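Encoded as structure tokens, the structure appears first; notes follow it.
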Amino acid sequence: MSSGSDARLSRRRFLGLAAATAGGIGAAALIEHWLMRNRQPATGVTIRRAASYSAPLERLIREGLQNHPRALERARGGRVLLKPNLIEYNDARRVNTHPSVVQAAVDAFRAVGAREVIVAEGPGHQRDTELLLDESGLGEALRSEKAKFVDLNLDSIHPVALPSNYTRLGRMFFPATALGADLIVSLPKLKTHHWAGVTLSLKNMFGVVPGVKYGWPKNVLHWRGIHESIVDIAVALKPGFAIVDGIEGMEGDGPLFGETVNAGVLIMGENLTAVDATATRVMGLSPERVAYLNVMLAHGGTMNEGRIRQFGETVASVRREFRVLEQFAFLKQPPGWRDFVRGL
Amino acid sequence: MDERTNGGLKFLRAAQNADGGWPYVPGGASSPEPTCYATMAGLDGVRWLKARVHGDAITLDGDNEPHWTTSLAVIALRGERRLINWLLTCEGHKLTPQDEARPGWPWATDTYSWVEPTSYALLALKLHGGKNHPRVTKGEQFLLDRRCADGGWNYGDPKTLSVAPPSFVPTTALAALALQNADAAPALTFLDAEIKKRPSVLSLALTVLCFNAFGMPAAALMESLQQRQRTDGSWQGQVHLTALAILAREASRGGNNVFRL
């Protein structure tokens, strides 16, 4: 994600823009939104097919990285933090980033010259991280890679002023390991979300928020607003690359209780808004209707398809129709002039 | 004291920071939770903890908000009155209609109540003279309201939309310890079945302490916990887990159980 935008939105304007995604909009917010949508930085997103977790994932990621020179440059000689989605373990459901994808990302970043690759996560519900690592298979994968794992819930923490401050927290504590990384790579699962609509690389950053300060669950993020928190965390930490595990995604009652969709894709890029917008389109949903993606446009995010250069597969060629809960049926409606008038 | 406990204590002593507190992982910054557990295990973190009391609650360095470890500090400091008084006034926001009458305790200021901080608060208050306080009774009711269909507890959400999520072992053991009465019976059944399927250091240590408090046998669990001790004397290389494992060992060997009411 670019940090080039100096635009700042007040909470009131945030709410105006967020409302614009669901209906009901003021003229000022409409004009501002139009301007932001048409001033988005050009960026690229890579989509690669991977039918299963036995595909050559390391090669796919390494090749994909070549399309994203800024991330590549930060990775070379630097400390790379890989942040998978490890939330809970469920025998029957694919809720976490698959260990094979994490393993492949470790190998790929080592191969392009990273000085150190750390895998780090702060699970949001279950503080027994040892159990989660064992049950998910991630622990074994990391041992075979001799890769270091940091439990971000228990790391040393430091307060950081929030440049965007939509949550009105003023500052948030973050783990030293995340603050000390040269490149933070978000490794989410391609999933629907029962509160946010979709959970992808930006929402995945919730796991960086330390439980030692905010608890299990990190309820302050919900209390202060999920969309507001997503943007505040992204603007403060500036994750610089994302690899979405869409080989098996989740539809319906995600992020925990939905059903598996064999979507067969990896989606990568350095502008996380563009990655998430592309992933949302792959799910058959409209990113223009996701509140936090709209607000990210004020912070260097790109959503407009005309500003996203597509590498590898096209969205149309891998698009699936993900089922959503009834309250998110509006995400299925494509954006058009009526949405623009009605409130995007 | 036996060799295993000594090994654990040696690890803890080596992990203590120059400021007198303990980090979660050696080399990190001191933090209240590991310092509380190391103190409960018999080491001296009293001065460090007392220096973190501001406005009658524990606070993190660089922060001025009351921290959830205030409950653990009551136990570690053996009943610090001003911390107890703060706990008696602390309530989380109300998530459900039942919470209005029967509030629990939150992790952080201005958020909802959850199972784990409520369990710590109940243990702290009941261990230090508040067993019959009306706030304790309400807190116990909160736990019963948040119990999952399988008899145990997860973080505090027994129903998400139309789904009944499963319980977790650590939170179930803590909530059962906080109750320590007949209401905990279904939780003990849950723990007995689940701990065999999914053992971990945290789960084993808390379940041993829980079973010990209820007079239930836990020798096999203790054996499993001992096997997980590393050559450096630690459990998982983490301070709070090592201290908890030492506390579980001491209780299972007939010594003090810090959580027994």
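None of these values were measured; they are calculated from a predicted model. Here is the naming used below: chain letters follow the sequence lines, and residue numbers restart at 1 for every chain.
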Please determine which of A:Asp151, A:Leu86, A:Ile87 meets the side chain to side chain contact (heavy atoms under 4.5 Å, CB included) test together with A:Leu132.
A:Leu86
Does any backbone or side-chain atom of [X] lie under 4.5 Å from a heavy atom of chain B? Answer side chain, backbone, both or neither.
| X | result |
| --- | --- |
| A:Leu256 | neither |
| A:Lys218 | neither |
| A:Phe257 | side chain |
| A:Gln126 | both |

Region of [X] that comes under 4.5 Å of a non-hydrogen atom in chain A:
| X | value |
| --- | --- |
| B:Val115 | neither |
| B:Pro165 | both |
| B:Pro170 | side chain |
| B:Asp63 | both |
| B:Ser31 | side chain |
| B:Val163 | side chain |

Counting distance only, does the side-chain N/O of A:Asn219 pair as donor-acceptor with the main-chain N or O of B:Ala108 below 3.5 Å?
no
Side-chain (A:Thr199) to main-chain (A:His193) donor-acceptor, under 3.5 angstrom:
no
Any donor-acceptor pair under 3.5 Å linking the side-chain atoms of [Y] with those of [X]?
| X | Y | answer |
| --- | --- | --- |
| B:Tyr120 | B:Glu116 | yes |
| A:Asn96 | A:Ser136 | no |
| A:Thr97 | A:Asp245 | no |

Choice from B:Thr69, B:Val201, B:Val25, B:Thr111 maximising heavy atom contacts with chain A below 4.5 Å:
B:Thr111
Relative to chain B, which of A:Glu88, A:His222, A:His158 shows the most heavy atom pairs under 4.5 Å?
A:Glu88
State whether B:Phe142 and B:Lys138 meet the cation-pi test: NZ (Lys) or CZ (Arg) under 6.0 Å from the six-membered ring centroid, and within 45° of the perpendicular axis.
no
Taking atom CD of A:Glu140 as the centre, report whether more than 12 heavy atoms of other residues, nucleotides or ligands fall under 6.0 Å from it.
no
